[in-house]
> 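Handing you a structure now.
Both counts, for ligands and for their atoms, begin at 1 and track the order of listing.
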Amino acid sequence: MRKIIIAGNWKMNKGLSDTREFVKELVDTISSLELKHTIPLIAPAYPFLQEALRESFGSAVQIAAQNVSLHSDGAFTGEVSATMLASLGLKYGIIGHSERRQYHEETDSDVLGKMHKLFEQKITPILCIGETLAQRDANQTAATILSQLKGCLHGVEMHSGNEIVIAYEPVWAIGTGRTATPEQAQEVHALIRKWLRDNYPSAVAENMAILYGGSVKPDNLKSLLACEDIDGGLIGGASLKVDDFVAMVKIANDSLA
Ligand code: PEP
């Protein structure tokens, strides 16, 4: 059985005390749950990673960075390297989020470079891919997804399926309140898993967690998780309220019962 990841991408929200209080409350609440294969994960802003790691230490809650530099070290003002993230004890890093692609012009080859930096530091990349509305309307969804997979994973060796996590996030569903239907999401997740099956040892496709992202909330998570190839969510807006986040962790946990 694959693990289910409920991942909160906080983007540029929450300062020090909000981060501390949220993670504390999350850890307290989930300590009474018997989490089976569900992993709750939070991605706060860089300055608060250490606080989140401290508050979650010893619990099931995992912490991720929202980005990482393409460079190892040196004169790159404002950048944060994978080595720095690893020195905090971080285990996950989001790369290729559509907002990075859109506002910072990140390409698939940048994402691949970042993935290698994370691999070097034994940090698991959460690779985001997804089509724009224009691409979907032009019937280019499958072609876009396959091209992103090929570009972001070019030459990447995988054996177990635990090397990375993939997050399928249709750009038109991010922060818009417009969720892909479970059928639309499942269709793309199945395509991703088939591509993995065609290009990697079978364990990779069978074990890899493929998350759906795009206006996920407590109300729609259950029907998304009921789909065969959806193994969790990458969640923006609805991850900012601890009650909603806990509700989604519970839904995920119950979905495996
Ligand atoms: C995201 O930031 O990755 C995301 C999916 O945001 P939202 O849940 O707000 O659509």
> Report, in ascending order of atom number, the atoms of ligand 1 lying under 4.0 Å from any heavy atom of G175.
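Result: 7 (P), 9 (O), 10 (O).
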
> Between Y212 and T179, is any pair of side-chain heavy atoms under 4.5 Å apart?
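Yes. Closest side-chain heavy atoms under 4.5 Å.
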
> Which residue and non-hydrogen atom of the protein lie closest to atom 8 (O) of ligand 1, and at what distance in Å?
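It is G236 N, 2.8 Å.
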
> Which of the numbered atoms in ligand 1 are below 4.0 angstrom from a heavy atom of S215?
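Reading through ligand 1 atom by atom, the close ones are 7 (P), 8 (O), 10 (O).
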
> Show your reasoning for whether salt bridge (Lys or Arg N to Asp or Glu O under 4.0 Å) applies to D198 and K194.
CA-CA 6 Å; D198 291 346; K194 180 179 182 322; 2.7 Å; yes

> Between N207 and K3, is any side-chain donor less than 3.5 angstrom from a side-chain acceptor?
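No, K3 and N207 have no side-chain donor paired with an acceptor closer than 3.5 Å.
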
> Strictly by modelled atom types, are E131 and Y168 linked by a side-chain donor-acceptor pair under 3.5 Å?
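E131 vs Y168: donor-acceptor pair found between side chains.
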
> In ligand 1, which numbered atoms sit nearer than 4.0 Å to a non-hydrogen atom of G213?
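Within the 4.0 Å cut-off of G213, ligand 1 contributes 5 (C).
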
> Pick one of side chain, backbone, both or neither for how I174 approaches ligand 1, counting any non-hydrogen atom pair under 4.0 Å.
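The part of I174 near ligand 1 is both the backbone and the side chain.
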
> Provide, to 0.1 Å, the distance between atom 3 (O) of ligand 1 and the closest protein heavy atom, together with that atom's residue and name.
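Of the protein heavy atoms, E169 OE2, 2.7 Å lies nearest.
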
> Using side-chain hydrogen bond (donor to acceptor under 3.5 Å, both in side chains), reason through N220 and S223 one step at a time and then give a plain yes or no.
CA-CA 6 Å; N220 57 26; S223 57; over 6 Å; no

> Closer than 4.0 Å to some heavy atom of G214 - which atoms of ligand 1 meet that?
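By the 4.0 Å cutoff, the relevant atoms are 5 (C), 10 (O).
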
> Just which atoms of ligand 1 are under 4.0 Å from any heavy atom in N9?
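Counting atoms of ligand 1 from 1, those under 4.0 Å from N9 are 1 (C), 2 (O), 3 (O).
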
> For ligand 1, does A167 get within less than 4.0 Å through its side chain, its backbone, both, or neither, judged by non-hydrogen atoms?
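A167 to ligand 1: no contact under 4.0 Å from either part.
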
> Any salt bridge between R101 and D108, counting N to O under 4.0 Å?
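Salt bridge: yes.
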
> Of P170, G130, G237, which has the heavy atom at the shortest distance from atom 9 (O) of ligand 1?
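Closest candidate by heavy-atom distance is G237.
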
> For atom 2 (O) of ligand 1, which candidate among E99, K11, R178 holds the nearest heavy atom?
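Looking at heavy atoms only, K11 sits closest to atom 2 (O) of ligand 1.
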
> For the residue pair K117 and S72, confirm or rule out a side-chain donor-acceptor distance under 3.5 Å.
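K117 vs S72: donor-acceptor pair found between side chains.
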
> Evaluate the criterion side chain to side chain contact (heavy atoms under 4.5 Å, CB included) for residue pair T176 and S215; output intermediate values, then yes/no.
CA-CA 7 Å; T176 59; S215 299; 4.0 Å; yes

> Return the residue, atom name and 0.1 Å-rounded distance of the protein heavy atom closest to atom 1 (C) of ligand 1.
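Checking every protein heavy atom, the shortest distance to atom 1 (C) of ligand 1 gives H97 NE2, 3.3 Å.
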
> Is there at least one pair of N or O atoms, one from T176 and one from ligand 1, spaced under 3.5 Å apart?
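In this structure, T176 places no N or O atom under 3.5 Å from an N or O of ligand 1.
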
> Could you list which atoms of ligand 1 come closer than 4.0 Å to a heavy atom of A173?
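Close to A173: 10 (O).
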
> Just say parallel, tilted or perpendicular for the rings of Y200 and W195, cut-offs at 30° and 60°.
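Rings of Y200 and W195: perpendicular, over 60°.
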
